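Have a look at the structure below before the remarks.
By convention here, the first residue in the shown sequence is residue 1. None of the values given here were measured: they were computed from a predicted structure.
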Amino acid sequence: MAGALVTTYRTVIGLGGGPLLPAVSFLGRLPTAMCQLGSLLLVARTSGSLATAGLVGGALAAGQTVGGPVVGRLADRLGQRPVVLVAALLNACAVTGLVTGALGHAPTAGLAALGALVGVSVPQVGPLSRSRMVALARHAGADERTVSGVLSLEGTLDETSFVLGPALVGVAATVAHPAVALGLAAALLAVCGVAFALHPTARAVAPAGGGRRGTPPQGGGLREPRPEGSAMTGAEFGCARRRRGTVYALRSSAALQGAMFGACQAGITALTEDLGAPGQSGLVYAAMGVMSAVVGLAMASVPPAVTLTARWRAATCAALVLALPLLVVHSLGWLYVVVVILGSAYAPHLITLFSLTERVVPASRLGESMAFMTSGVIGGQALALMAAGPVAEGYGPGAAFGIAVGTAAAACALAWAARPERAREGHGGALAPASSAG
C-alpha cells in the first residue's frame with residue numbers, strides 16, 4: 001500500500017511539472033497562517049492593549065472571510081495569473097503597511113482598517129492551487145485516485161502551513177520582534193505569491209469565458225449555465241435546487257469544522273494556563289495539526305469503493321466521538337494524547353468536503369467554491385474564538401471544549417441529513433470517488 005501511495009503522489013507532483021509548484025504554493029500560503037497571530041502579537045506589543053490587538057485581528061479575519069470568495073470568483077472569470085499577481089503584491093503592501101502603522105503607533109481605527117485590507121487582499125493561494133491542480137489532473141485524464149491524491153496533498157500543505165506559520169511567528173516574537181515575522185510574510189508574498197501566479201500551470205485554469213476550463217469530472221459535476229433564453233424543465237429545476245442545497249451543506253460543514261478549531265484553541269489555551277504551562281498551548285495545537293497532516297496524506301490510499309458520502313459521515317462521527325474526552329481531560333499529558341488522536345479526524349473531513357465540492361460545482365466556478373470553503377473554515381474559527389474565549393475565562397476550559405463537542409455534533413448531524421448523491425441525479429448515478437461515479 002505504501003508503494004501505491006508513493007506512486008500516487010509522484011504522479012500528483014508530476015502534474016505540475018515537478019516539485020516547484022507545490023513548493024511555491026506552500027510558501028505562498030504560509031503568510032496567511034502567519035498574519036493572524038503575527039498581527040495580534042505585533043499590535044499587542046506596540047499598543048499595550050489586548051483589546052486593540054483583538055479588534056485588528058478580528059478585522060483581518062473578517063476581511064479574509066469576505067474577500068476569499070471574491071478573489072476566487074475573479075480568478076475564475078479573469079484567470080488566476082492576473083488576479084493572484086495583483087492580490088499577492090497588494091497583500092504584501094498591506095502587511096508592510098500594518099507593520100509600519102503599528103510601529104508608528106497609528107490610531108486604532110487606522111490599524112483596524114489596515115487589518116481588514118490585509119484580510120481582503122489575501123491571494124487565496126491554497127484554494128486556487130486546489131482548483132489548478134484538479135484542472136491539471138482532469139486535463140491529463142487522471143483517474144479518481146490521482147484526483148484524491150491531489151486534494152490530500154493540498155490538505156496536507158494547508159495543515160502544515162497552519163502549524164509552521166504560528167510557530168515561525170512565535171520564534172520571531174521571542175527572539176526578536178513580531179514585526180520580523182510579518183516582514184517575512186510580506187517577503188514570501190512578494191516572491192512566492194508572484195511565483196505561483198506566474199507559474200506556467202496557471203494557463204491550465206482558463207477564464208470562464210475564455211476557453212475550455214478543464215475536463216469535468218467523469219460522470220458530470222454541475223452543468224455549466226444554460227444558454228440565455230432557454231427554458232429549464234421541472235426535473236432540471238429540482239436537480240439544480242438539490243445541488244444548491246448540497247453546496248450550502250458543504251459550506252456549513254466547513255464553517256462548523258472551523259468553529260471546532262476555534263473552540264478547541266480557546267479550551268487548550270485556558271487549560272494550559274490553569275495548569276501553569278501557558279507556553280505549551282501552541283505545541284499542543286501543533287501536535288494536533290501534525291497528526292491531521294499525516295492522516296491527510298494517507299487519505300489517498302482509501303479504496304475508491306468507499307463513497308465520499310460515507311467518508312463525510314465517518315469523519316464527522318469520528319470527530320464527535322474523539323472530541324468527547326476533551327470534556328474530562330485535566331492534565332497536560334492526557335491533553336496531548338486526546339488532541340493528537342482528535343487531529344486524525346480533521347483532515348479526512350476537510351479533504352472530503354473539498355472532494356465533494358469539486359464534484360458538485362461547475363468547473364467555471366471551482367476557484368470561487370474552493371475559496372468559499374476556506375473562508376467558511378476561517379469565519380467559523382474566528383466566531384468560535386470570540387464566543388469560546390470569554391466562556392473559557394468565565395466557566396473554565398471544559399465550557400470551551402463543550403462548544404467544540406457541540407459543533408462536532410452539529411457537523412455530524414448535517415452530514416447524515418445531507419444527501420449529496422441526490423445532487424447528481426440525472427448525471428450518472430450516486431456520488432462516489434470511483435471512476436464510475438456520477
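- Exactly one of P31, S121, C93 qualifies for a side chain to side chain contact (heavy atoms under 4.5 Å, CB included) with L189. That residue is P31.
- Closest of all the heavy-atom pairs between S152 and I351 is CA-CD1, 3.7 Å.
- In terms of modelled atom types and a separation under 3.5 Å, the side chain of S148 and the main chain of E144 share no donor-acceptor contact.
- For the 3.5 Å distance criterion, the side chains of Q381 and Q257 fail to qualify, holding no donor opposite an acceptor.
- Remark: the backbone N or O of A249 is not paired with any side-chain donor or acceptor of S253 at under 3.5 angstrom.
- Minimum interatomic distance between L385 and G262 (heavy atoms only, all atoms of both residues): CD2-O, 3.5 Å.
- For the residue pair W312 / T307, no side-chain donor-acceptor distance below 3.5 Å is found, with atom types taken as modelled.
- Between A259 and T407 the shortest heavy-atom distance is CB-CG2, 3.8 Å.
- When ring centroids are compared, F261 and Y346 come within the 6.0 Å threshold.
- Side chains of H199 and S25: no donor on one and acceptor on the other come within 3.5 Å.
- For the residue pair S161 / D158, no side-chain donor-acceptor distance below 3.5 Å is found, with atom types taken as modelled.
- No donor-acceptor contact under 3.5 angstrom links the side chains of Q124 and S129, judged on distance only.
- Taking the side chain to side chain donor-acceptor pair (under 3.5 Å) definition, one finds that S292 meets it with E159, sequence neighbours left out.
- The minimum heavy-atom distance between L366 and E358, with the atom names listed, is CD1-CA, 3.9 Å.
- What you find for L128 and P123 is that their closest heavy atoms are CD1-O, 3.7 Å.
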Where do T8 and R145 land on the side chain to side chain donor-acceptor pair (under 3.5 Å) test, with the steps shown first?
CA-CA 7 Å; T8 296; R145 184 177 292 277; 5.2 Å; no

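- Proximity of a side-chain donor or acceptor of D76 to a complementary backbone N or O of G367 within less than 3.5 Å is detected.
- Put simply, the side chain of S301 gets close to the backbone of A298: a donor and an acceptor are under 3.5 Å apart.
- F196 does not carry R81 over the face of its six-membered ring by the limits of under 6.0 Å from the centre and within 45° of the normal.
- Side chains of T146 and L15 form a contact here, defined as non-hydrogen atoms less than 4.5 Å apart.
- Between the side chain of T374 and the backbone N or O of M370 there is at least one donor-acceptor pair closer than 3.5 Å.
- Q64 is listed as a side-chain neighbour of T32, based on a closest heavy-atom distance under 4.5 Å.
- Between V150 and V12, the shortest heavy-atom contact is N-CG2, 3.7 Å.
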